[in-house]
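Input: a single structure, listed below in structure tokens.
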Amino acid sequence: MKARSKDTTKKLNSSLASRISSIYTKMFVTWLAISLVAIFLFVLGVTAYSIYYESKPSLEAIDRQSSLEGLIDKVNSMNEAGVVLSGSQGEILASSFRYDDLEPLIFDYFNIRVINSRLYFLYKRQLTVENIVLGLIVYNDITVLIFETIVIGALAILLFGVSTLTIHLRGSYLTRKAFGVLDELTEKANNISSQNLNLRLNVNDSTDELIEIALTFNRMMDRIEKAYEKQNQFVSDASHELRTPISVIQGYARMLDRWGKEDKEILQESIQAIKKESENMQDLVDKLLFIARNDKDTLVLVKNRFSMSELVEELVRETILLETGHKIESHVEPEIMLHGDRDRIKQALRIFVDNAIKYTEPGQTITIWLNVEDDYAVVTVRDTGIGIPEEHLPNIFDRFFRVDSSRERDKGGHGLGLSIARIIVLRHGGRIKVASKPGEGTRFKIYFPVE
Ligand code: ADP
């Protein structure tokens, strides 16, 4: 099966440019052949007609004779055409054809003879003069005509051969140059695998018309390569994130094994640590599953009409209950209704509020606002915490991104919160704006379209 598909590939590879070239060559050859045959027939026709035209006046003069004697005289005295007048038995009565060895000719319509190294086309007409049936044989010298025909034919064949060869060679060169990118594209597309996603087409070799195909292919490969790298990065980051809690749990398990059976303090510490790390792992796995579901497009949102004002008030109440030591200020415009997945929206808002708490010293203020701006319900979460350096702002929604990974791991972050929040907001047709200054604080504005 594999060998067969390789065969087909080879066939395709070799054929695309050459097939186009051979179509053009065939078209040209057919056209040339028709033209040459037409020219040949035309020349032949013109020559034949001129021969006939030369003897025409003489034959008309003969036709005008009404007596046998006059006819014989006329034929004998003619210089222009080779004409022989024969009797009913084929005997020669008169002749303008100046050749001594003329033999009586008996044939019905036409004949071809070589006389004195020249070729003649003979044709016979019947005349009736004074009630005697006579034969008038016209001798047309076709030596030159045949010679001309042979020369023109040979030239035509030569011209045909040279043109066909030229068009074939030049045509296949130009076609290969013009359409070579398609062959390259077929070949490269067939060779693409995860190992060589850096394959690109040589754009400089393409013609203007095909440059767009080459560029589109290259842009597609750029996207695939980027997505693949991102996926690989995601898998390696996820494994890396899971390694830390696993090593911690393993460490405590070993400690328990050695001293934990006797030492109550070690036992208690290990149980606490294992519980914390397994919760941490659970949290990470949940987040990973959420992102994977979104990537696979199997994330289902249960959308309903609900009061966004109530949801934000609930969020504010829960934040106050956490008693983190921060001052919580809020302002919630009433009766703002939204259509969406209430639980998911709450999950997203929780991420912004949790971050504000995480990255702001206790005693500082966290503000939670809800208002309406131009058909959007806008939730503002503002803190007066550590802030985010400007150069990191474009990255904070990337998966596993943390401004300072060593410090933030202590705070329990995996760098997945904002990517999850963004997924939820985007899936509701919303958007997020962020403004931050290190040392002064951060403000996130989250926009959801109202009904
Ligand atoms: P994490 O779970 O580590 O908090 P997030 O995706 O929620 O991950 O946030 C990404 C990074 O953005 C954080 O690690 C932190 O560096 C930065 N960040 C997010 N919110 C804030 C904030 N309110 N103040 C300061 N830095 C923040």
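These values consider heavy atoms only, across backbone and side chains, with no hydrogens, waters or symmetry-generated copies. Residues take their numbers from the sequence shown, with the count starting at 1. As the structure lists them, so they are numbered: ligands from 1, and atoms in each ligand from 1.
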Q | Sub-4.0 Å atoms of ligand 1 with respect to non-hydrogen atoms of H414 | A | 2 (O), 3 (O)
Q) In terms of side-chain heavy atoms, does R350 have a donor or acceptor partner in T319 at a distance below 3.5 Å? A) yes
Q. Do any nitrogen or oxygen atoms of K287 come within less than 3.5 Å of a nitrogen or oxygen of ligand 1?
A. no
**Q.** Heavy-atom donor-acceptor pair, N191 side chain to E187 backbone, under 3.5 Å
**A.** yes
Q.
Can you confirm whether the side chains of E277 and Y252 place a donor and an acceptor under 3.5 Å from each other?
A. no
Q. Is the closest N or O pair between R402 and ligand 1 shorter than 3.5 Å?
A. no
Q: Heavy-atom distances under 4.0 Å are what count here, so tell me which part of V403 touches ligand 1: side chain, backbone, both or neither.
A: both
Q: May I ask you to list the atoms of ligand 1 that are less than 4.0 angstrom from any heavy atom of K358?
A: 1 (P), 2 (O), 4 (O)
Q: Check ligand 1 against L418 and write out every atom of the ligand that is under 4.0 Å from a heavy-atom position of the residue.
A: 5 (P), 6 (O), 7 (O), 9 (O), 19 (C)
Q: Using a cut-off of 6.0 Å, state whether more than 12 heavy atoms not belonging to E390 lie near its atom CD.
A: no
Q. Within the structure, does Y359 bring an N/O atom to less than 3.5 angstrom of an N/O atom in ligand 1?
A. yes
(Q) Can you confirm, on distance only, whether ligand 1 has an N/O atom lying under 3.5 Å from any N/O atom belonging to I386? (A) no
**Q.** Interfacing atoms of ligand 1 (cut-off 4.0 Å, heavy-atom, L416)
**A.** 6 (O), 8 (O)
Q) Any sub-3.5 Å donor-acceptor pair from H339's side-chain atoms to F306's backbone N or O? A) no
Q | N355: numbered ligand 1 atoms lying under 4.0 Å from its heavy atoms | A | 4 (O), 5 (P), 7 (O), 9 (O), 19 (C), 20 (N), 23 (N)
**Q.** Proximity to ligand 1 by part of D383, non-hydrogen separation under 4.0 Å
**A.** side chain
Q: Sequence neighbours left out, what passes salt bridge (charged side-chain N to carboxylate O under 4.0 Å, His left out) with E225? Give chain and number order.
A: R200
Q) Is T442 touching ligand 1 with its side chain, its backbone, both, or neither, if touching means heavy atoms under 4.0 Å apart? A) side chain
Q) Are R431 and Y376 in a cation-pi setup, meaning NZ or CZ lies under 6.0 angstrom from the ring centre and within 45 degrees of the ring axis? A) yes
Q) Judged by non-hydrogen atoms, does G415 sit under 4.0 Å from ligand 1? A) yes
Q.
Could you work out, with salt bridge (charged side-chain N to carboxylate O under 4.0 Å, His left out) as the rule, every residue matching E262, not counting sequence neighbours?
A. none
Q. N280 pairs by side-chain hydrogen bond (donor to acceptor under 3.5 Å, both in side chains) with which of K275, H414, E241?
A. H414
Q: Could you tell me whether ligand 1 has any atom less than 4.0 Å away from a heavy atom of H392?
A: no
**Q.** I351 N/O under 3.5 Å from ligand 1 N/O
**A.** no
(Q) Is it true that, when you exclude R170 itself, more than 12 heavy atoms of the residues, nucleotides or ligands shown sit nearer than 6.0 Å to its CZ? (A) no
